[in-house]
Amino acid sequence: MPPSAAIDEADTPARLRVIVGKISRRLNAAARGSGVTPTRLSTLGVIVREGPLRLSRLAEIEGINPTMLSRVVAALDGDGLIRRKPDPDDRRACIVEATAAGRRTHDKLRAERGRILAEGLADLGADDLARLEAALPALEAFADAVLRERTR
């Protein structure tokens, strides 16, 4: 019996945890060969999407403590994926931005993760695919609710 079959059908949070865990492990495996950890990849993604930003804003978006963020930023900087520079408005603060190598790494790993998801979608039957597509707005609202809860 597969592990998911042992979960009570009425236990939605447990089912979601299993589903998200499986997908997350598969997507994170795609980044392993790159040497970029999931936390570093997430942080790099925020920097690429948001453009140059202060460390305080990056910590807020990522929801990680300043000590951990400093380590992640130092590693990304050391790998040449981002650069740190003083904030022109406040020399005590720092701004981070993606380098060209950082954008290429982000784009490559994002494309690989997209390919993995597209292959999974291609394996679904038309009915399951239609149900999944119909559920996307609810999943997006759910993700927003989970993120809001984290920032309270």
Side-chain angles (χ1 to χ4, degrees), residues 3-4 7-8 10-121 124 129 131-152:
S4 59
I7 296 173
D8 179 6
D11 195 354
T12 301
R15 290 178 70 198
L16 281 168
R17 188 184 66 249
V18 170
I19 292 163
V20 169
K22 286 178 180 179
I23 294 169
S24 180
R25 281 188 297 279
R26 179 64 181 102
L27 295 178
N28 288 339
R32 277 196 201 111
S34 71
V36 181
T37 67
T39 300
R40 290 180 191 169
L41 181 57
S42 177
T43 302
L44 178 61
V46 170
I47 296 168
V48 168
R49 282 188 306 277
E50 298 286 325
L53 68 162
R54 290 179 110 181
L55 288 177
S56 57
R57 177 68 180 133
L58 181 58
E60 180 183 312
I61 293 168
E62 282 294 273
I64 58 178
N65 70 57
T67 302
M68 175 65 150
L69 181 64
S70 291
R71 290 183 188 135
V72 170
V73 166
L76 290 169
D77 188 27
D79 290 342
L81 301 177
I82 65 165
R83 75 175 62 87
R84 293 182 275 192
K85 58 185 185 181
D87 184 337
D89 298 328
D90 181 354
R91 302 299 271 181
R92 297 168 296 165
C94 178
I95 292 181
V96 292
E97 63 185 1
T99 62
R103 283 188 292 282
R104 282 191 306 273
T105 297
H106 171 265
D107 292 348
K108 177 183 170 203
L109 292 172
R110 185 172 185 216
E112 176 63 13
R113 288 172 154 204
R115 183 193 60 75
I116 290 166
L117 292 172
E119 286 178 358
L121 291 171
L124 295 179
L129 183 57
R131 282 192 292 275
L132 182 58
E133 288 172 343
L136 288 176
L139 289 169
E140 290 163 345
F142 173 67
D144 289 344
V146 170
L147 290 173
R148 269 194 310 277
E149 183 63 30
R150 184 174 83 177
T151 60
R152 287 185 193 169

Visitor: Could you state the interatomic distance from CG (Leu121) to CD1 (Ile116), rounded to the nearest 0.5 Å?
Guide: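 It is 12.0 Å, given to the nearest 0.5 Å.
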Visitor: Measure the spacing between CG of Leu53 and SG of Cys94 and express it to the nearest 0.5 Å.
Guide: 10.0 Å
Visitor: I need the minimum non-hydrogen distance between Ser42 and Glu62, along with the two atoms involved.
Guide: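 Closest pair (atom of Ser42, atom of Glu62, distance): OG-OE1, 2.8 Å.
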Visitor: I need the Glu112 CD to Leu117 CG distance, nearest 0.5 Å.
Guide: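 Going from CD on Glu112 over to CG on Leu117, the span is 10.0 Å.
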Visitor: Does anything in residues 63-80 form a salt bridge (charged side-chain N to carboxylate O under 4.0 Å, His left out)? List the pairs, not counting sequence neighbours.
Guide: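 As it turns out, the salt bridge (charged side-chain N to carboxylate O under 4.0 Å, His left out) pairs with a partner in residues 63-80, which skip direct neighbours, are Asp77-Arg84.
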Visitor: Looking only at heavy atoms, what is the nearest atom pair of Ala101 and Gly80, with distance?
Guide: CB-O, 3.8 Å
Visitor: Looking at Glu119 and Arg115, is there a salt bridge between them, counting it only when a charged N and a carboxylate O are closer than 4.0 Å?
Guide: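 Answer for the salt bridge query: yes.
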Visitor: On a heavy-atom basis, which atom in Leu44 and which in Leu76 lie closest, and how many Å separate them?
Guide: N-CD1, 4.1 Å
Visitor: Can you tell if the side chain of Leu81 reaches within under 4.5 Å of the side chain of Arg40, non-hydrogen atoms only?
Guide: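 A side-chain contact is absent here, since even the closest heavy-atom pair is not under 4.5 Å.
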Visitor: Enter the distance from Arg104:CZ to Lys108:NZ here, rounded to the nearest 0.5 Å.
Guide: 11.0 Å
Visitor: Could you report the tightest heavy-atom contact between Met68 and Asn65, atom names first, then the distance?
Guide: N-OD1, 2.7 Å
Visitor: So do Arg103 and Ile47 actually touch side chain to side chain, heavy atoms under 4.5 Å?
Guide: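 The answer is no, as the side chains (C-beta and beyond) never meet within the 4.5 Å cut-off.
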Visitor: Assess the residue pair Thr43 and Ile82 against the criterion (side chain to side chain contact (heavy atoms under 4.5 Å, CB included)); give the C-alpha distance rounded to whole Å, side-chain angles, the decisive distance to 0.1 Å, and a yes or no.
Guide: CA-CA 10 Å; Thr43 302; Ile82 65 165; over 6 Å; no
Visitor: So, using side-chain hydrogen bond (donor to acceptor under 3.5 Å, both in side chains) as the criterion, who are the partners of Arg25 when residues are at least two apart?
Guide: none
Visitor: Search all heavy atoms of Leu109 against all heavy atoms of Ala30 and return the closest pair with its distance.
Guide: CD2-O, 4.0 Å
Visitor: What is the minimum heavy-atom distance between Ala98 and Val48, and which atoms define it?
Guide: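 Taking Ala98 first and Val48 second, the nearest heavy atoms are CB-CG2, 3.8 Å.
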Visitor: How about Arg113: does its CZ atom have over 12 heavy atoms from other parts shown lying under 6.0 Å from it?
Guide: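 Buried by this count: over 12 neighbours within 6.0 Å.
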